[in-house]
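Below you'll find the structure, written out as structure tokens, and then a few comments.
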Amino acid sequence: MAETWDLPSIKPSVDTCVTALQLAESLRDWAAAQGSAFPQKHTMVFALSSAFISPWLDRPVLELASRIWSWITAVDDTVDSPECDHASADAILRGCRAVAAGGPHGDEPLARALAEIRDTVAALPGHPDVAPLWRDAVDRLLVGMAYEARSESGTLTGYLEHATYTVGVPMYVVALWAAMERVDPVPLLPALRDAAVAVRLANDARGHAREAAEGGLNALRLGLSPDTVRHLVGDRLASCERRLAPLLARADPPAVALHRMAVWGTRIYQRIDFRYPEGEGPHRTDWKTIEWPAPLGAS
């Protein structure tokens, strides 16, 4: 051979792929039971992300993780739908916020699914350490979705503040932390924000044409150039890794999960937009890789 490939062992990759296949089957059944608002075409992406981001966690936790992605997407699709007026969207989001705060679901499908997720997270061993943080992440996600649903223009500052949560990374990662014992989230929060902003801007860089056609808010629509967005993704990724470096050096599980989420979310958007228009998708041969250049120097 002309060169030596530094390839990882195939055995753990196979094991993780098998887990993803099992998660996909479980998620399809769960989503179908929740109602028509829950997406079926993104099932494998959600299963793969959960299997690869934290493969050491037990399967019930990974099932919970994949359900969180499905729920976030279902809420997003529902409030963005042309058939859902502002009053209906507000009612759904208010109901979900009440559930996040510990209230009943009233049998509305999205609120009912969130109540199930909430109760599952609450039963995890690390929940007492992260309970306020998880409630806050879910609430901010819902508030952000209300902002995006109402705003046809918005401001860049307002968008980024809300979109850091609507991308779903804080809700998802904190739920993973709840499955880990003796978690101190405070030192991890700056890196969590870096990761969320990086994934949000990577999403915007990849999907801005689709979102513009759909009328959705996006950092590029609000004034940032594509080059600036790409640099900011690299900037925030580097900042996240720098903040986590001491914890990653000793394989601290909460830090590892957060770092792998940041890498997964930004790397997948380098290559595809899984929220593709109908008839197009990850199989397309014309996806062009988006590079995240050297950092601009985030603090």
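Side-chain atoms of D85 and S88 form a donor-acceptor pair, as typed in the model, at a separation below 3.5 Å.
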Give the table of side-chain donor-acceptor pairs shorter than 3.5 Å for residues 119-128, with sequence neighbours excluded, one pair per line with atom names and distance.
from: T120; atom 1: OG1; to: E116; atom 2: O; distance (Å): 2.8

Sequence neighbours excluded and cut-off under 3.5 Å, please list the side-chain donor-acceptor pairs for residues 130-146, or say none.
from: W134; atom 1: NE1; to: M171; atom 2: O; distance (Å): 3.3
from: D136; atom 1: OD1; to: R140; atom 2: NE; distance (Å): 3.2
from: D136; atom 1: OD2; to: R140; atom 2: NE; distance (Å): 2.8
from: D139; atom 1: OD1; to: R97; atom 2: NE; distance (Å): 2.6
from: D139; atom 1: OD1; to: R97; atom 2: NH2; distance (Å): 3.2
from: D139; atom 1: OD2; to: R97; atom 2: NH2; distance (Å): 3.1

Solution key, residues 98-107 side-chain donor-acceptor pairs under 3.5 Å, sequence neighbours excluded:
from: H105; atom 1: ND1; to: D107; atom 2: N; distance (Å): 2.8
from: D107; atom 1: OD1; to: R112; atom 2: NH1; distance (Å): 3.1

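Evaluation of the salt bridge (Lys or Arg N to Asp or Glu O under 4.0 Å) test over residues 47-62, restricted to residues two or more places apart or in two chains, returns R59-E63.
When atom types are taken as modelled, the side chain of E108 and the backbone of L110 share a donor-acceptor pair closer than 3.5 angstrom.
By the side-chain contact (heavy atoms from CB on, under 4.5 Å) test, A24 is found to be paired with R28, T43, M44, A47, residues two or more places apart in sequence or in another chain being considered. With sequence neighbours excluded, the residues satisfying side-chain contact (heavy atoms from CB on, under 4.5 Å) with A262 are A195, L237, C240.
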Step by step, would you call S50 with R67 a side-chain hydrogen bond (donor to acceptor under 3.5 Å, both in side chains)?
CA-CA 9 Å; S50 297; R67 291 171 185 180; over 6 Å; no
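Using a 30° and 60° split on the angle between ring planes, W69 and Y172 fall in the parallel class, below 30°.
Between the CG atom of L48 and the CD1 atom of I53 there is a distance of 10.0 Å, given to the nearest 0.5 Å.
In this structure, the side chains of R250 and L247 come closer than 4.5 Å at one or more pairs of heavy atoms.
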